[in-house]
Each structure stands twice: as C-alpha cells, then as structure tokens.
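Reminder, nothing fancy here: chain letters follow the sequence lines and each chain counts from 1. Quick note: numbers below take in every heavy atom, side chains included, and nothing from hydrogens, waters or symmetry partners.
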Protein chains: 2
Amino acid sequence: MARIKVPNTPSIRRMPTYLHKLMQMRDEGEEFASTTAVAEYMNLDPIIVRKDFSLTGLTGMPGVGYKTKELIEAVRHYLGWDRERTACLVGAGSLGSALIGHEEFAEYGLRITLVFDSDPAKIGRVLHGREIFDVRKMRRKVKAAKPDIAVLCVPSSCAQMVADELVKSGVRAFWNFANVSLRMPDGILVQREVIAGGFAVLSAKLLRGADGKTGDKMADCD
Amino acid sequence: MARIKVPNTPSIRRMPTYLHKLMQMRDEGEEFASTTAVAEYMNLDPIIVRKDFSLTGLTGMPGVGYKTKELIEAVRHYLGWDRERTACLVGAGSLGSALIGHEEFAEYGLRITLVFDSDPAKIGRVLHGREIFDVRKMRRKVKAAKPDIAVLCVPSSCAQMVADELVKSGVRAFWNFANVSLRMPDGILVQREVIAGGFAVLSAKLLRGADGKTGDKMADCD
DNA sequence: TAGATTGTTAATCGATTAACAATC
DNA sequence: TAGATTGTTAATCGATTAACAATC
C-alpha cells in the first residue's frame, strides 16, 4: 500500500521545455547547445540544466556544449517520447478541442486516435480530422483500439463514471483534466492536471513575491 | 539578479484541491473536516495535509478535525483568494474559451473582465457573457481597466509581442499558456503553464512506474 | 593559451515523513 | 475511558546549489 513516487519529477517537468528550446535551436541550425543558453532562456541556473541533462545519460563536450540533435533524441528517449502512445479523448468541449488541436503532442509521441462525446450536437462532427463518436460506443471502440492512455476532459460530475467504464474497457493510464480526484484500482496510472494550481502559485507570487522594489528575476517554471 | 522563489510551492499547488474537497464537504453538511478524510481523497499521507493546513495558521480540534467553513476561509486567505483579482484574457481560441468558461475561477477570486482576439470572425461575438474585443483596442482598454493579471492564450509565435504590449499597458502579472518562455523586465511576474509537463510525468510513470505487479497506490497530484 | 563549459563530488536547503505527547 | 486526530519536534530524504578539476 506504499505510495509510488516517480523520482526526479521536477526535472521531468522541465524536460518538455528543454525539448522545445532545443528543437528551436536545431531548426535555427545550431549544431551545439550549451546549458548556459538553455538556462538563460528559462530563467534557470545552468547547474540545474546540467544536472537534468545528465539524467538522460548523454555526455557533452566541455567548452562547447551538447550536440543538439543527439540531445533532443536523448531527452525524447528519457521521457519515452521516442515511442508512440495512442490515446482516446473523452469530452470534446473547448478544453478537449484545445488538446486535440495541440500539434506539438504529435512530436511528443502522443497520438489521439479516438474522440468521444455525449452531446448529440457534436457526435458525428469532425474535429481536427477526428470524428467525434457517441460515448455509448466508447466501450466497444476502446476495447478494439486498445489506446495506451485516456485523456479525460469531461465535466467533473461524470469523470468517475467515465473513468470506471474506461478501466473496464482495458485502459490503464489516465490524463485527468476533470476537477476531481479519481478513485482507481491499484495499478492504474493517473496523472491529474489541476489547472487552478498554477493560478494558486501566481496568486502567492502576487501576495508574497516580487513587489517591484527588487530587481530580481523569477523562474517561471514551478 | 538572484532568483526569487516562492516558498512552499508544492503545498501551494495542493491548496486548490483541498479547497475543492472542503467546499464539497461543506455542501454535504460536514461541519468538521479531518486531514485523514482529505488525505484519503487525494491519495496522500495525512501528515502532508496536516503540515499544509498548518501553513494557513488555522488550528484544528484534536480528535475531531477542522471547522470546515473556517478552514475554507483560511485556505482562501492563505492564497489571497479572498480578494478579487481582475484579468484580461488574450486569445479566444478553444483554450481561452475553456478558461473563460471555467466557473470555479469565480470562486477563487479570478474575474476575467476583458477578452481580446485578432480574428475578425471572433471580434464582436460574445463568449460566456464577455464580448470579444479587437486586440488593436487592447492597449487603450487595458490602460483604462487596469487588470491585475493577463492570461495569455495566444499562439506561441506572437506571445512575446502581446506580452510586451501588455507590459507597456501596465500589466505586471502574467498567466502564460503559450508555449514559450517570455523575456520580461524585472519585477514582472510570470506563471507559465507547460501543459506537456503533466504528460511528461505520465510518460515517466508509464515507463518506470507501477507495472501492475505491485498493489501500490500512486498520488496523482505531482 | 584563455575562455567557456562539462562532469562530479560535496554542501546546503527545503520538503516529506516519523514519532509522540496533548486534547477532544 | 478508548479512539481519533491534532500540533510539534526531530529524522530522513531528495533536490538544488556550490566548488572545482578536466577538457575542448
């Protein structure tokens, strides 16, 4: 009954931003990327970036930096983003729609292949190239397609019910944007996104943070 | 040039979920809330919750718990959510739309009063009761309304430009959903939301986490 | 060589967890 | 009283930061 913890969570959370910056550098033709450059972009201490890069196992070149392309691949591999993960998404409201339309996910190996909703006005319509299916067909279609992940964008009132149904259909990992903590059988992975969490941190910064008197920078990644 | 850190960031991030659960308990008529009950809901250790509650300064009753209503107020006050913050939102796409429609923000003291977009098809339309204004009118309107916060939901390619414009218009705090790290003058607060960060953690869980062999629970709040 | 940056070890800091007496 | 839970102090753990030799 012990609780599982993923080690290096803070580092893992920084990885996507590294990746984004590194891909940009690559596209601009930069053969090498130094921790100094990446750190400056993110308002971080270079030491943090160096430690994080070392997690990938890749080794850089003193005085120069890391080979940009190699580093990109190393970060991808570290996150498991070099393999494809299929996902179904439930709830094609504005949030669901935003996620489906987020092109960068494709680069991260996330492929949303199935979309469900219960709204008759939405069912049958096509969203970013995906047909929206009736949620009543969910069990059958999910059992057939066996997506790795389910992305929950349903109202919080029905999230638990939908999640239960998906577990019965064989889904073992959830990315939960609904505003509830799901109760799940052991062994099912859940990543909950609490959108208000970021606002809480911003509120704390407003309350206690930089008051304009100091000339300090604030890292924007926590 | 030292970097400012907000202390207790992990605790602060948990607060919105506490608040959500506590409000639910209050609505169900529960006069008292114990850390045990709240912790169980979130798959956390009760000690964590107790330490977090103590940050608010409120003191509970041994053997019973905390007065639910008092605790709600204490958490609100701790986050500064007992005062109203006005915000303008730029970019009325699906993500912006989702945020405007998120009713719970009102309970957290966040009032999105101004909405801007550059798309002629959107300008003039009404979204969740707010008229969408032409982004070219932004500077004038923001200078007049003086919102505390700007919520950025614009494409990453123009986020910096929009942010610069808003700083010139007097905005000093940003909630940035665009996929770029903004460069800002000292003293301007930025909270960046990296949506892919959660997916990175989920990917790591899939790669290294519970493989179904163990009967362990996984806290879903990191 | 001088300058920049890496990789690694050790020090510090802060968050989590454990232990337990106090209280309803 | 017995059971549950709080509040606090101390121990542990892990992440960040500092220091510095090694290398291009």
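- Between the B/Arg76 side chain and the B/Glu107 main chain, a donor and an acceptor come within less than 3.5 Å of each other.
- In this structure, A/Ser156 contributes its side chain and A/Val180 its backbone to no donor-acceptor pair below 3.5 Å.
- Under 4.0 Å is where a charged nitrogen must lie from a carboxylate oxygen, and between A/Arg139 and A/Glu165 at least one such pair does.
- Taking a pair as Watson-Crick or G-U wobble with both distances under 3.5 Å, the runs of three or more consecutive pairs in DNA chain C are C:3-24 with D:3-24.
- Comparing C/dA22, C/dT5, C/dT16 by their closest approach to the side chain of A/Pro62 singles out C/dT5.
- Not one side-chain nitrogen or oxygen of A/Asn8 sits closer than 4.0 Å to the OP1 or OP2 atom of D/dG14.
- Heavy atoms of other residues, nucleotides or ligands lying less than 6.0 angstrom from CD of A/Glu103 number 12 at most.
- The OG1 atom of A/Thr9 sits 7.0 Å away from the NZ atom of A/Lys5 when rounded to the nearest 0.5 Å.
- Taking every side-chain heavy atom of A/Asp45 into account, D/dA18 is the closest of D/dA18, D/dT16, C/dT17.
- A donor-acceptor pair under 3.5 Å links the side-chain atoms of B/Thr68 to the main chain of B/Glu30, judged by distance alone.
- Contact annotation for A/Tyr66: backbone-only contact, meaning every heavy-atom pair under 4.0 Å involves sugar-phosphate atoms and none involves a base.
- Taking atom CG on A/Asp52 and atom P on D/dT16, their separation rounds to 7 Å, with Å as the unit.
- One interatomic measurement links the two molecules: NZ of A/Lys51 to C1' of D/dT17, which rounds to 9 Å at whole-angstrom precision.
- Ion pair B/Asp52/B/Arg14 flagged as a salt bridge, since at least one NZ, NE, NH1 or NH2 atom sits closer than 4.0 Å to an Asp/Glu carboxylate oxygen.
- One interatomic measurement links the two molecules: CG of A/Leu58 to P of C/dT8, which rounds to 12 Å at whole-angstrom precision.
- For B/Arg13 and C/dA15, the shortest distance from a side-chain N or O to OP1 or OP2 is not below 4.0 Å.
- Residue B/Met61 contributes atom CE, which lies 19 Å from atom P of C/dA22 at whole-angstrom precision.
- Rounded to a whole Å, the CG atom of B/Leu44 is 14 Å from the P atom of C/dA18.
- For the OP1/OP2 pair of C/dT8 and a distance below 4.0 Å, the side-chain nitrogens and oxygens of A/Ser54 include no atom meeting the criterion.
- Residues A/Ile47 and A/Gly63 both approach DNA chain C. Their nearest nucleotides, taken by heavy-atom distance, put A/Gly63 toward the 5′ side.
- Checking the phosphate oxygens (OP1, OP2) of C/dA19, no side-chain nitrogen or oxygen of B/Arg50 falls inside 4.0 Å.
- Nucleotide D/dG14 holds its C1' atom 13 Å from the CG atom of A/Leu55, rounded to whole Å.
- Within residues 23-37 of chain A, the residues approaching DNA chain C are A/Ser34, A/Thr35, A/Thr36, by heavy-atom distance under 4.0 Å.
- Listed nucleotides D/dC24, D/dA15, C/dT17 differ in distance to A/Lys5; the shortest reach to its side chain belongs to C/dT17.
- B/Ile12 has its CD1 atom 13 Å from the C1' atom of C/dG14, to the nearest Å.
- Counting only distance, with no hydrogens or angles, the side chain of A/Asp164 and the backbone of A/Lys168 share no donor-acceptor pair below 3.5 Å.
- Going from atom CZ of B/Phe116 over to atom SG of B/Cys88 covers 6.0 Å, rounded to the nearest 0.5 Å.
- Between A/Thr9 and A/Val64, the residue anchored nearer the 5' end of DNA chain D, judged by the nucleotide with its closest heavy atom, is A/Thr9.
- Looking at A/Arg85, its side chain never comes within 3.5 Å of a backbone N or O of A/Arg111 through a donor-acceptor pair.
- We find that CG of B/Leu71 is positioned 10 Å from P of D/dG7, with the value rounded to whole Å.
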